Amino acid sequence: MVGNTFAALAIPWFVLQTTGSASKTGITGFFTILPVVLAGFLGGALVDRLGYKRSSILADVASCIPVALIPCCTSPLGSSFGN
């Protein structure tokens, strides 16, 4: 939970520092918080259907993928979101 909180702060801040754009930072912040909101609505049903262990692993993997892609998106060969 602490890692998710740090990511919710660090990722938009990283976008602001690399782009200087408040609108891109806002879009990034929205999509950073969106999974938390969706998990609040759908988390209980998902845990009931999949079980605690499977849903926890699924959530960790789903959280890991975007954070792991940050270096790819900021490399010279990556996305142009930062330009």
Side-chain angles (χ1 to χ4, degrees):
M1 189 124 171
V2 173
N4 290 339
T5 304
F6 281 132
L9 293 172
I11 293 172
W13 184 21
F14 176 74
V15 171
L16 181 63
Q17 291 296 316
T18 56
T19 65
S21 171
S23 61
K24 289 180 182 178
T25 302
I27 291 168
T28 304
F30 172 77
F31 283 107
T32 302
I33 299 300
L34 184 64
V36 175
V37 173
L38 292 176
F41 287 120
L42 305 174
L46 185 67
V47 170
D48 287 343
R49 289 179 189 240
L50 296 178
Y52 177 75
K53 185 175 181 177
R54 283 187 184 166
S55 60
S56 178
I57 292 169
L58 179 65
D60 287 342
V61 170
S63 296
C64 174
I65 292 171
V67 173
L69 289 175
I70 289 173
C72 298
C73 293
T74 59
S75 72
L77 302 174
S79 171
S80 64
F81 186 75
N83 297 331

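The shown structure was predicted, so the numbers you read here are calculated from the model rather than taken from an experiment.
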Next item on the list: Could you pull out the closest heavy-atom pair between Ser55 and Val47, with the gap in Å?
Entry: OG-CG2, 3.4 Å
Note to self: Quick check on the hydrophobic clustering: are Tyr52 and Leu58 connected, directly or via other members, by side-chain heavy-atom contacts under 4.5 Å?
What the structure shows: no
Check: Which pair of heavy atoms, one from Ile33 and one from Ala8, lies closest together, and at what distance?
Finding: CD1-CB, 4.1 Å
Margin query: I'd like to know if Leu34 and Ile65 are part of one continuous hydrophobic network [Ile/Leu/Val/Met/Phe/Trp/Tyr, side-chain heavy atoms within less than 4.5 Å].
Written below: no
Checklist line | Phe30-Leu38 co-clustered via ILVMFWY side chain contacts under 4.5 Å | finding: yes
Next item on the list: Return the minimal non-hydrogen interatomic distance between Pro66 and Ser63, and the atom names on each side.
Entry: CD-O, 3.5 Å
Next item on the list: Give, for atom CG of Leu50 and atom OG of Ser56, the distance between the pair rounded to the nearest 0.5 Å.
Entry: 11.5 Å
Next item on the list: State, to 0.1 Å, how close Ala7 and Thr32 come at their nearest heavy-atom pair, and which atoms those are.
Entry: O-CG2, 4.1 Å
Next item on the list: Check whether any side-chain heavy atom of Ile11 sits under 4.5 Å from a side-chain heavy atom of Phe14, and report yes or no.
Entry: no
